[in-house]
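If you're wondering where the values come from, they're calculated on a predicted model, not measured in any experiment. Note: hydrogens, waters and symmetry copies are ignored here, and every other heavy atom, side chains too, is used.
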Amino acid sequence: MPELPEVEITLRGLAAHLTGQAIAKVVIRHARLRWPIPKNLPKLLHGKTIRALRRRAKYLLVEFDHGTLILHLGMSGSLCLLPAGTPAEKHDHFDLVLGNGMLMRLRDPRRFGAVLWHSGDVNAHPLLAALGPEPLQPEFDAAYLYRTTRNKTAAIKLVIMDNRVVVGVGNIYANEALFRAGIRPQLAAGKLSRERCARLVEAIRATLTEAIRHGGSTLRNFVGSDGKPGYFQQHYRVYGRAGEPCRACGTPIKQLRQGQRSSFYCPKCQR
DNA sequence: CTTTGCACCTGTTGGC
DNA sequence: TGCCAACAGGTGCAAA
């Protein structure tokens, strides 16, 4: 589920409910996520007040006066707000119980997600320090992408999915953005012209912005929901459509593998 | 430095 | 229906 739009939607859904709340209790049911949840988290957070929620790449940052709780949803994670006392289900690994009688619950069947703590400047955390620009911020522009791709022989799809180049472009939206830009996923990044870099930047922005506007590919209620996604069938142009006709020209969509991930493209619309 | 493939997990899907 | 393999939207890391 969680590509950047889902994380952004989650952030927006939670922010107003968490900000200013004190932590009444921290519950760790299953500490073995991608990295272990710190054992001392309950002690660290008890009675402390949430000052703000932010997002950096696909990390959700819960800021306190004395440090930051770093959350990542991995491949299958979701967060929801429930009344305190709601019984936990199978994959509910972590709760923040709030002073207002609600709790924020992390559910993550595959456990590729993360719950970490960092005191001090969170941008200096090893997981965040080397990240590239946000795709929706002005630093990510045509000049930057052109400069960054020079002399790169790697496929453009792999490059835009590289966190050090730009964050938050996952497999689905990489495929969709390349279709919008009319660029083949296997094209060597260094061969892109300035004009095509500009098109790609705009395509990435438009694809992500549109997905955020639609509530991500998954719509959730954050308050009172059980975290089960209510599915919103996203109208993908190429992702998952191998063999089906291109929505623009009717040519069958092709599939290939790049870096152990599936890529999809229209051989006529994308060059 | 870049590139490649593995690893962490469970759930779902599709072929036989 | 059952069984099993393949695959899934992330991404850090070791090895080459």
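- Evaluation of Phe112(A) against the base of dC9(B) yields no stacking contact (centre distance < 5.5 Å, interplanar angle < 30° required).
- Picking from dC9(B), dT11(C), dG9(C) the nucleotide with the shortest atom distance to the side chain of Arg32(A) gives dC9(B).
- When the P atom is compared between dC3(C) and dC9(B), the two are found 25 Å apart, to the nearest whole Å.
- Nucleotides dG12(C) and dG11(B) are separated by 23 Å at their C1' atoms, to the nearest Å.
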Which protein N or O atoms sit under 3.5 Å from an N or O of nucleotides 10-13 of chain B?
{"from": "dT10(B)", "atom 1": "OP1", "to": "Arg111(A)", "atom 2": "NH2", "distance (Å)": "3.1"}
{"from": "dT10(B)", "atom 1": "O4'", "to": "Pro109(A)", "atom 2": "O", "distance (Å)": "3.4"}
{"from": "dT10(B)", "atom 1": "O3'", "to": "His91(A)", "atom 2": "NE2", "distance (Å)": "3.4"}
{"from": "dG11(B)", "atom 1": "OP1", "to": "Lys90(A)", "atom 2": "NZ", "distance (Å)": "3.3"}
{"from": "dG11(B)", "atom 1": "OP1", "to": "His91(A)", "atom 2": "NE2", "distance (Å)": "2.4"}

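- Scanning residues 258-267 of chain A for heavy-atom distances under 4.0 Å to DNA chain C yields Arg261(A), Ser262(A).
- Ring orientation note: the planes of His66(A) and Trp117(A) are tilted relative to one another, at an angle of 30° to 60°.
- Closest approach of Gln255(A) to Ser262(A), counting heavy atoms only: NE2-OG, 3.0 Å.
- Partner assigned to dC9(B) is none, using Watson-Crick or G-U wobble distances below 3.5 angstrom.
- For the pair Leu128(A) CG and dG10(C) C1', the interatomic distance rounds to 15 Å; values are reported in whole Å.
- The existence of a salt bridge linking Arg199(A) and Glu195(A) is excluded, since no basic side-chain nitrogen approaches an acidic carboxylate oxygen closer than 4.0 Å.
- Between Arg257(A) atom CZ and dC7(C) atom P the separation is 6 Å, expressed in whole Å.
- Under the 3.5 Å distance criterion, the side-chain polar atoms of Glu63(A) are left unmatched by any main-chain donor or acceptor of Ile50(A).
- Pairing for dT2(B) is with dA16(C), a Watson-Crick or G-U wobble pair whose two hydrogen-bonding atom distances lie under 3.5 Å.
- Under 3.5 Å, the side chains of His72(A) and Arg34(A) contain no donor-acceptor pair of N or O atoms.
- Heavy-atom contacts from other residues, nucleotides or ligands closer than 6.0 Å to CZ of Arg194(A) number 12 or fewer.
- For Asn40(A), the CG atom sits in a packed shell: over 12 heavy atoms of surrounding residues, nucleotides or ligands are nearer than 6.0 Å.
- In this structure, Asn151(A) places its CG atom 16 Å from P of dC1(B), rounding to the nearest Å.
- Not one side-chain nitrogen or oxygen of Tyr173(A) sits closer than 4.0 Å to the OP1 or OP2 atom of dG10(C).
- At whole-Å resolution of the value, CE in Met75(A) and P in dA7(B) are 15 Å apart.
- At the heavy-atom level, Asn163(A) lies under 4.0 Å from the strands shown only through sugar-phosphate atoms.
- For Leu131(A) and dG12(C), the CG to P distance is 7 Å, given to the nearest whole Å.
- Summary of the strand contacts: Leu127(A) and Gln255(A) both lie near DNA chain C, and taking for each the nucleotide with the nearest heavy atom, the more 5' one is attributed to Gln255(A).
- The side chain of Thr153(A) has dT3(B) as its nearest neighbour among dG12(C), dG9(C), dT3(B).
- In this entry the distance linking CD of Glu8(A) with C1' of dG9(C) reads 17 Å, nearest Å.
- Atoms CG (Asn171(A)) and P (dC7(C)) sit 14 Å apart, rounded to a whole Å.
- Using a 4.0 Å cut-off between charged nitrogen and carboxylate oxygen, Asp65(A) and Arg51(A) count as a salt-bridge pair.
- Here dT3(B) presents its P atom at 9 Å from CZ of Arg164(A), a figure rounded to the nearest Å.
- Contacts of Leu33(A) with the nucleic acid, taken as non-hydrogen atoms under 4.0 Å apart, are absent.
- Comparing dG5(B) with dC7(C), their P atoms are spaced 15 Å from each other, to the whole Å.
- Residues Glu202(A) and Arg205(A) are paired through a salt bridge, judged by an N-O separation under 4.0 Å between the basic side chain and the carboxylate.
- A salt bridge between Lys25(A) and Asp95(A) is absent, with no side-chain N of the basic residue lying under 4.0 Å from a carboxylate O of the acidic one.
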